[in-house]
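First up is the structure itself, then whatever we jot down about it.
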There are 2 protein chains.
Amino acid sequence: MAATRTNEYGKGREALLAATVQVVAERGLHGLTLRAVAEVAGVNNTLISHHFGTKDALLHEAVAWATARAIRLSDLSAAETIDGSFAGALVELVTSEPHLQIFQYEFVLESRRRPDLRAEAVALYEGYIEGLELALARHGHADTKPLARAVFAALDGLVFQQLTVAEGIVVQPAIERIGTLLEASLAGSTARPLQEIGGAS
Amino acid sequence: MAATRTNEYGKGREALLAATVQVVAERGLHGLTLRAVAEVAGVNNTLISHHFGTKDALLHEAVAWATARAIRLSDLSAAETIDGSFAGALVELVTSEPHLQIFQYEFVLESRRRPDLRAEAVALYEGYIEGLELALARHGHADTKPLARAVFAALDGLVFQQLTVAEGIVVQPAIERIGTLLEASLAGSTARPLQEIGGAS
DNA sequence: GACGCAACTAAGCAATTGCATAGTTGCTAC
DNA sequence: GTAGCAACTATGCAATTGCTTAGTTGCGTC
C-alpha cells in the first residue's frame with residue numbers, strides 16, 4: 001500500500017508528479033507531504049527539493065501535468081450528444097479513474113487561496129466550457145454562452161456527486177436527463193420559429 | 001487578521017466551531033491546525049482538546065454545526081422558480097458569504113476519505129435534491145428524480161465556479177439559463193400531451 | 001460563602017514536517 | 001576511459017504539529 005513504483009534512472013521526476021496526484025487524491029491536500037509523495041514514487045524525499053525546489057512548486061508542476069492529461073481525457077466531450085452512451089462513458093470514467101478527478105477538485109479549491117494556481121484552474125474550466133459551447137451551437141441551441149456554462153456545471157456537479165455522495169447508478173440517469181432537457185428545449189424552439197421571429201415582445 | 005473574537009465565559013465551544021469553518025475556508029483543510037482555530041476563536045488551543053478531544057472530532061462537530069446552518073440558508077431553494085431574482089440572490093449569497101460554501105466543498109471532498117463524515121455529506125446533498133424534486137414535480141415536470149439531481153448539480157457546479165474560476169457576472173446568466181431550459185421543457189411536454197400519451201413507443 | 005465542577009490557561013513533549021547540507025551513483029560526450 | 005554533470009541518497013535540524021499534564025478561574029447550588 002505504500003512504496004509502489006520502482007523507477008529506472010531518470011524517471012524520478014515523472015514518477016513524483018504522478019505520485020503527487022495519487023497522494024492528493026487518496027489523502028487530500030493535508031496528506032500531501034514530501035515523504036508521502038517520495039514513498040509512493042519510490043524515491044528519496046530530497047529528490048523533490050532537487051527537481052522542484054519547494055513543496056508549493058511541486059504542486060504547481062503537478063497541476064500543470066495533470067490538467068494537460070485531463071483535457072486530453074475529456075475527448076469524451078467530443079461526443080456530440082449527451083445520450084445514454086455518453087452518460088455511461090462518463091460514469092465509467094469516474095468509476096475507473098477517480099484520482100485525476102479528485103485531484104482536480106482539490107486543486108481548483110486550493111486555487112482560491114493560491115493565486116499561482118488560478119490561471120491553470122481558469123484555463124481548465126474555460127477550456128471545457130468553450131468546447132461544450134461549440135457543440136451546443138452546432139446543434140442549433142440559442143444563448144449558448146450561459147447554456148454551456150450551465151451544462152458543464154451540471155456535468156461537473158454530477159461527477160462531484162459520484163465521487164462523494166452518490167452512486168453511478170443514480171448519476172447516470174441524471175446525466176441522460178440533461179440530454180433530454182436539451183432535446184426538449186431544441187424541439188420547442190425549432191417547432192415554432194416563425195411565430196417567434198414574427199411575433200412582438 | 002489573527003485573533004478576532006473576544007469571548008465571554010461559556011462561549012468557547014461555539015466560537016471554536018465557527019472558527020473551524022472560517023479557518024478551513026480561508027486556509028484549507030491543510031491549514032486547519034488547533035492553534036490556528038484557537039487563535040481565530042480567541043481562546044487557548046488546549047480548549048479544543050477539552051471540548052472535542054481530537055482534531056478529527058472537532059472537524060466532525062464543525063461539519064454537523066455547519067450543515068445545520070447550511071440547510072437553513074438554503075431557504076433560497078424555497079423559491080419556486082429559477083428566475084432572475086433567484087439567480088441574483090444565489091450569486092449574492094455566494095459573494096457575501098463564501099466561507100460556509102467553501103467549507104462545504106472541503107468537507108464533502110474529505111468525506112470520501114473519512115467514513116465518519118459520509119452520513120453528513122449524503123444528508124446535505126440528498127436534502128437539497130429532495131427539496132428541489134418536490135418543487136419540480138409541483139411544476140409538472142416529468143422524470144423528476146434524475147432531473148432534480150441534475151438541476152441541483154448545475155446549481156452546485158455554478159456556485160463552485162463562482163467560488164473558484166468565474167465571476168458572478170457570468171454565473172448569474174448561466175443560472176437564469178437553467179430556468180429557461182426548464183420552462184422550454186415544460187412548454188414542449190404540455191403542448192403535446194395527447195399525441196404522446198396516445199402514440200406508440 | 002464555600003463546595004463542586006465545568007470552562008479555561010500554561011507549559012511542554014514526542015512526532016512529523018519542509019528543507020538544507022553533504023555526499024554518491026550512473027549516464028553521456030569526447 | 002574519464003571528465004563533467006544531472007539524478008539521486010543519507011543525515012540531520014529547526015519549526016510546527018496534536019495532544020498530555022497540571023494547574024487556575026469563574027459560575028451555579030445549597
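Throughout, protein chains are lettered first and strands after them, A, B, ... in sequence-line order, and every chain is numbered starting at 1. Because only heavy atoms are used, hydrogens play no part in the values below, and waters and symmetry mates are left out as well, while side chains stay in.
Classification of the B:Y128-B:Y125 ring pair by plane angle, with boundaries at 30° and 60°, yields perpendicular.
For the segment residues 49-59 of chain A, the set of residues with a heavy atom within less than 4.0 Å of an atom of DNA chain D comprises A:H50, A:H51, in numerical order. Residues from residues 106-117 of chain A that place a heavy atom under 4.0 Å from any atom of DNA chain D: there are none.
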*Mind running salt bridge (Lys or Arg N to Asp or Glu O under 4.0 Å) on A:E133 and A:K145 for me, showing each step along the way?*
CA-CA 6 Å; A:E133 186 186 353; A:K145 226 168 191 77; 3.8 Å; yes
- Task: Decide yes or no on salt bridge (Lys or Arg N to Asp or Glu O under 4.0 Å) for A:E106 and A:R113, but give the supporting numbers first.
- Result: CA-CA 12 Å; A:E106 292 279 355; A:R113 301 166 208 119; over 6 Å; no
### Task
Test B:E8 against B:K11 for salt bridge (Lys or Arg N to Asp or Glu O under 4.0 Å), laying out the working first.
CA-CA 6 Å; B:E8 316 117 79; B:K11 300 291 168 86; 3.7 Å; yes
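Counting only heavy atoms from C-beta outward, the side chains of A:L59 and A:R114 approach each other to under 4.5 Å. A:H139 has its side chain out of reach of A:L182: every pair of non-hydrogen atoms, C-beta onward, lies at least 4.5 Å apart. Inter-residue side-chain proximity for B:H141 and B:S185 is flagged as met; some heavy-atom pair is nearer than 4.5 Å. Two residues are said to be in side-chain contact when any heavy atoms from C-beta on lie closer than 4.5 Å; B:Q172 and A:P146 fail this criterion.
Ring centroid separation for the pair B:Y105 and A:Y105 does not come in under the 6.0 Å cut-off.
Atom-to-atom distance recorded for A:Q101:CD and A:F160:CZ is 12.0 Å, nearest 0.5 angstrom. If you take CG on A:L34 and CG on A:L58, they are separated by 7.0 Å, rounding to the nearest 0.5 Å. Atoms CD and CG, on A:E61 and A:L17 in that order, are 6.5 Å from each other to the nearest 0.5 Å. Summarising the geometry, atom NE2 belonging to A:H99 is positioned 13.5 Å from atom CD belonging to A:Q104; distances are rounded to the nearest 0.5 Å. Residue B:E110 holds its CD atom at 4.0 Å from NE2 of A:H30, rounded to the nearest 0.5 Å. The CZ atom of A:R138 lies 11.5 Å from the OG1 atom of A:T144; values are rounded to the nearest 0.5 Å.
Rounded to a whole Å, the CG atom of B:L34 is 8 Å from the C1' atom of D:dT17. What separates CG of B:L47 from P of D:dT20 is a distance of 14 Å, to the nearest Å. A straight line from CG of A:L29 to C1' of C:dG18 spans 16 Å, rounded to a whole angstrom. As a whole-Å value, the separation of A:E14 CD from D:dC8 P is 12 Å. For A:H30 and D:dG18, the NE2 to P distance is 11 Å, given to the nearest whole Å. For the pair B:I48 CD1 and C:dA7 P, the interatomic distance rounds to 15 Å; values are reported in whole Å.
With the end axes of the helix from C:dG1-D:dC30 to C:dC30-D:dG1 each set by five pairs, the angle from one to the other reads 20° at 10° resolution.
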Considering only nitrogen or oxygen atoms on both sides, find all protein atoms under 3.5 Å from nucleotides 10-16 of chain C and state each distance.
residue: C:dG12; atom: O6; partner: B:R35; partner atom: NH2; Å: 3.3

Using nucleotides 1-5 of chain C, report all nitrogen or oxygen pairs with the protein that are shorter than 3.5 Å.
none

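Within 4.0 Å (heavy atoms only), B:L16 reaches no atom of the nucleic acid at all.
Remark: A:R35 pairs with A:T33, A:N45 by the side-chain contact (heavy atoms from CB on, under 4.5 Å) rule, at least two apart or across chains.
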